[in-house]
Every structure is written in C-alpha cells, then in structure tokens.
Amino acid sequence: MDQATLKTTQLGATGLEITRVGFGAWAIGGAGWEFGWGAQDDDDSIAAIHRALQLGVNWIDTAAVYGLGHSEEVVRRALEGVQPRPYVFTKASRVDGGGGRVVSSLERDSIRREVEASLSRLGVDVIDLYQIHWPRPDEDLEEGWSTFAELKAQGLVRHIGVSNFDVAQVRRAQAIAAVETLQPPYSLVTPAAEREILPFARSEGIGVIVYAPMSSGLLTGAMTRERIASLPDDDWRKRDARFQEPALSEHLATVARLQAVAERHDTTAGAVAIAWTLQNPAVDGAIVGFRRPEQVDPLVVAANLELTPEDLAEIAAA
Ligand SMILES: NC(=O)c1ccc[n+]([C@@H]2O[C@H](COP(=O)([O-])OP(=O)(O)OC[C@H]3O[C@@H](n4cnc5c(N)ncnc54)[C@H](OP(=O)(O)O)[C@@H]3O)[C@@H](O)[C@H]2O)c1
C-alpha cells in the first residue's frame with residue numbers, strides 16, 4: 001500500500017480532507033498517570049507515527065492530558081522536519097490534578113493556559129482542530145465553548161469541536177458557536193453513538209471522527225485472556241470492566257466473528273472492526289491507537305476495506 005491508495009474524505013464542513021484512518025496518540029503518552037498504558041518507548045512511538053505517515057495517514061489525534069503533556073511532546077519530535085505536515089488535532093479540559101490524577105476544567109483561564117501549553121509542546125503556531133475532551137463540569141460547558149470560539153477568532157486554532165458530548169450538550173454549544181466536529185466513542189463493544197449522536201451529526205452536517213474503534217485493543221484479535229492477565233498494573237485496561245468477565249467472553253466471541261470475516265478479505269480482525277465503524281454514514285474517520293511501527297500496516301488498510309452486507313450480517317449475528 002502507498003500514499004496514493006489510502007482513501008480520504010471531507011471532515012464535515014471544515015474543508016479538511018482527512019484519511020479515513022487517523023493516528024491516535026493516547027497510548028504513546030506512556031506511563032506515570034491515572035490513564036496510562038504501561039511503559040512506552042518513545043522511539044517506538046515515533047517510528048509508529050513515521051510508518052503511519054509513510055502509508056499516507058494525514059492526521060494525528062492527541063490530547064494535552066495524554067501522559068500529562070508527553071504525547072504532544074512525542075508528536076512534536078516525530079514531526080520535526082516532516083513535510084508536508086499531517087493535521088494535528090488535540091484536546092483540552094482534562095488537567096493535571098497532582099499525583100498522576102486527572103481533573104476537569106472548562107474555565108476560561110484554564111483553557112487559555114492549556115492552549116498555550118499545547119501550542120508550545122506541539123511546536124506549532126496554530127492547532128488544526130481543538131476539541132473539548134469531556135463536557136465536565138456540565139455547568140461550565142458554555143464558558144468552555146465560548147472560550148473555544150474566542151481561540152478560533154484569535155487564530156490560535158483553525159477549527160473547533162467536541163468529544164463525549166450528547167445531543168443536548170451539542171445543542172447548547174451550537175447556540176454559542178458552530179460545532180465543527182464530534183468525537184464520540186464507537187465500536188462493536190460501544191455502539192451507543194448509533195442511537196442519537198451519529199444520526200444527529202449526519203443531519204447537521206457535522207464532521208465525525210470516532211475513537212477507540214477496536215475498543216482500546218479488545219477487538220484486535222491479539223487481546224487474549226492470557227494477554228489481559230499479563231497486562232502491567234499501570235495499564236488502565238487491567239481495571240476496565242470490558243476486559244473482565246462477564247463481559248469479556250461476549251467480546252471475544254465478537255472477535256471470533258471478526259476473524260471469520262477478516263479471513264475472507266485476507267485481513268485482520270482489527271481492520272474489520274475499524275471498517276465496521278467507517279461504514280456508518282455519519283462517520284468520516286476512525287482514530288486508531290498505535291504504539292509500535294509493526295502495528296500500523298495491518299490496520300491502516302481498514303481505510304479501504306469495504307464490508308459486504310453479508311459481512312455486516314455475520315458481524316451483527318450476536
Ligand atoms: N476523546 C476521548 O475521550 C478519547 C477516548 C479514547 C480514545 N481516544 C482517541 O482515540 C484513539 C484510539 O483509541 P484507543 O487507542 O483507546 O483504542 P483503539 O484504537 O481501539 O486500540 C488501540 C490499541 O490496539 C492495540 N493495537 C494496535 N495495533 C494493533 C495491531 N496491529 N495488532 C494488535 N493490537 C494492536 C494497541 O494496544 P497494545 O499495544 O497494548 O496491544 C493499541 O494501543 C486514542 O489514541 C485517542 O487519540 C479519545
């Protein structure tokens with residue numbers, strides 16, 4: 001696969017033409033905070049970014065909170081000297097609460113501090129897409145979104161969007177300034193977005209990039225009971241209910257169905273899981289987390305993978 005072959009689409013009305021798969025930079029934030037993924041080698045992270053760019057991926061999704069700033073720093077190091085640069089999307093509202101804990105703030109002063117810190121860590125003059133990470137605390141949503149509109153008007157960020165918002169929260173934001181993009185969770189394990197937020201995004205023409213399309217690694221085919229048992233204690237997934245019984249058996253049965261479909265397409269279960277999210281007409285792009293270069297090739301192909309109605313029926317047969 002080369003750059004010319006990776007499918008792209010318009011991200012809502014932003015004017016950004018994005019590859020259907022983007023690079024998710026959460027795990028490369030590394031350890032040492034509440035939602036870390038265990039130890040991470042920065043050289044592996046940088047090599048993974050370079051491999052994704054080599055295959056034509058043209059955007060990276062990170063957040064200030066990933067590794068408490070470390071993910072953004074690694075993204076900057078990876079992009080030094082890279083031309084053309086991929087789009088860099090980041091997020092605000094989750095801040096360092098001390099002792100590795102994370103707290104939320106949508107206060108104007110906090111967001112203004114966050115954007116300056118992100119610009120500096122990323123080494124850019126402007127952020128391509130700036131997103132509210134979580135709508136918390138809910139009562140400060142209007143203050144947070146007004147600040148985002150201000151940052152856009154000032155030219156510090158090109159586009160503004162939100163993540164983890166429900167329809168009522170998006171409407172409250174829209175009353176202040178256009179919401180250009182949404183970032184909901186969406187996967188076979190977490191399909192709830194299908195009910196309201198995705199149809200809403202489609203009817204409003206809002207761009208959608210979905211996160212954790214393989215449910216944070218659960219649907220890759222590589223996440224066995226043995227692997228889960230051997231996850232380091234500082235990998236947040238070790239404490240997550242989706243990775244434990246009674247839910248786990250059901251998810252592993254889903255993986256078995258994905259594997260059967262993958263065999264027909266000569267691809268991987270993870271790529272089928274990602275392609276499944278991309279077949280929803282509201283979805284523009286899927287954010288896929290990578291931490292090592294060899295993980296990239298088997299999954300980036302999802303951008304071009306067309307699932308048949310038979311595939312979809314088989315995957316849904318749970
Ligand atoms: N807005 C939000 O609140 C929010 C929340 C979550 C995620 N996100 C965004 O979405 C991105 C993606 O989500 P995610 O990273 O949680 O989940 P994901 O994309 O569903 O899964 C990523 C994980 O799958 C495993 N993996 C990757 N390639 C693989 C391969 N070829 N074979 C086997 N396993 C492979 C890796 O874990 P191992 O290396 O451990 O195997 C990797 O970290 C994040 O990086 C972040 O940018 C946003």
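What you see is a predicted model; the values in this text were computed from it and never measured. Counting starts at 1 for both ligands and their atoms, following the listed order.
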Locate the shortest heavy-atom distance separating [X] from [Y]; write the atom from each residue and the value.
X      : Y      : answer
Ile28  : Gln40  : CA-CG, 4.0 Å
Gly217 : Arg237 : CA-NH1, 4.4 Å
Val296 : Phe290 : CA-CE2, 3.7 Å
Trp236 : Glu34  : CB-O, 4.3 Å
Ser215 : Arg242 : OG-NH1, 3.1 Å
Arg94  : Phe35  : NH2-CE1, 3.6 Å

Can you tell me the protein heavy atom closest to [atom] and the distance?
atom                    : answer
atom 3 (O) of ligand 1  : Asn164 ND2, 2.9 Å
atom 12 (C) of ligand 1 : Ile287 O, 3.2 Å
atom 21 (O) of ligand 1 : Gly217 N, 3.1 Å
atom 17 (O) of ligand 1 : Ser216 CA, 3.1 Å
atom 6 (C) of ligand 1  : Tyr211 CD1, 3.1 Å
atom 43 (O) of ligand 1 : Trp37 CZ3, 3.2 Å
atom 46 (C) of ligand 1 : Tyr66 OH, 3.4 Å
atom 36 (C) of ligand 1 : Gln295 NE2, 3.8 Å

Any nitrogen or oxygen of [X], main chain or side chain, under 3.5 Å from a nitrogen or oxygen of ligand 1?
X      : answer
Ala212 : yes
Arg291 : yes
Pro298 : no
Trp26  : yes
Thr62  : no

(request) Assess whether side-chain contact (heavy atoms from CB on, under 4.5 Å) is satisfied between Arg292 and Arg51, documenting all intermediate values. (result) CA-CA 9 Å; Arg292 293 191 305 281; Arg51 183 62 190 149; over 6 Å; no
If we set the cut-off at 4.0 Å for heavy atoms, which region of [X] has an atom near ligand 1: side chain, backbone, both, or neither?
X      : value
Leu219 : neither
Ser163 : side chain
Thr220 : side chain
Met214 : both

Close side-chain approach of [X] to [Y], heavy-atom, < 4.5 Å:
X      : Y      : answer
Asn164 : Pro185 : yes
Gln259 : Val255 : yes
Leu299 : Met214 : yes

Under 4.0 Å, counting heavy atoms only: does [X] come that close to any atom of ligand 1?
X      : result
Arg237 : yes
Trp134 : yes
Lys91  : yes
Gly270 : no
Arg227 : yes

(request) Say whether Ile49 and Ile274 are linked into one hydrophobic cluster, either directly or through other cluster members, by side-chain heavy-atom distances under 4.5 angstrom. (result)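 Yes; tracing contacts between hydrophobic side chains, which count when under 4.5 Å, links both residues.
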(request) Determine, for Lys7 against Glu306, whether the closest basic-nitrogen to carboxylate-oxygen distance falls under 4.0 angstrom. (result)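 So Lys7 pairs with Glu306 through a salt bridge.
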Relative to the heavy atoms of [X], which atoms of ligand 1 are at a distance of less than 4.0 Å?
X      : value
Gln183 : 1 (N), 2 (C), 4 (C), 8 (N), 9 (C), 48 (C)
Ala222 : 33 (C)
His133 : 1 (N), 2 (C), 3 (O)
Ser215 : 20 (O)
Ala25  : 45 (O), 47 (O)
Gly289 : 12 (C), 15 (O), 19 (O), 22 (C), 23 (C), 27 (C), 42 (C), 43 (O)
Leu299 : 27 (C), 28 (N), 29 (C), 30 (C), 31 (N)

(request) Using the side chain to side chain contact (heavy atoms under 4.5 Å, CB included) rule, pick out the option among Arg257, His265, Gln279 that qualifies with Asp311. (result)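 Going through the options one by one, the only one that passes is His265.
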(request) Could you tell me whether Trp37 and Tyr66 have their ring centroids closer than 6.0 angstrom? (result)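 Here the rings of Tyr66 and Trp37 have centres that are no less than 6.0 Å from each other.
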(message) Run the side-chain contact (heavy atoms from CB on, under 4.5 Å) test on Leu16 and Asn58 for me, step by step, so that the C-alpha distance in whole Å, both residues' side-chain angles and the decisive distance to 0.1 Å come before the verdict.
(response) CA-CA 10 Å; Leu16 303 180; Asn58 76 349; over 6 Å; no
(request) State whether the side chain of Glu142 and the backbone N or O of Ala173 hold a donor-acceptor pair below 3.5 Å, judged by distance alone. (result)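 Between the backbone of Ala173 and the side chain of Glu142 there is no qualifying donor-acceptor contact (under 3.5 Å).
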(request) Kindly compute the distance separating CD1 (Ile176) from CH2 (Trp145), expressed to the nearest 0.5 Å. (result)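 Result: 9.0 Å between the selected atoms.
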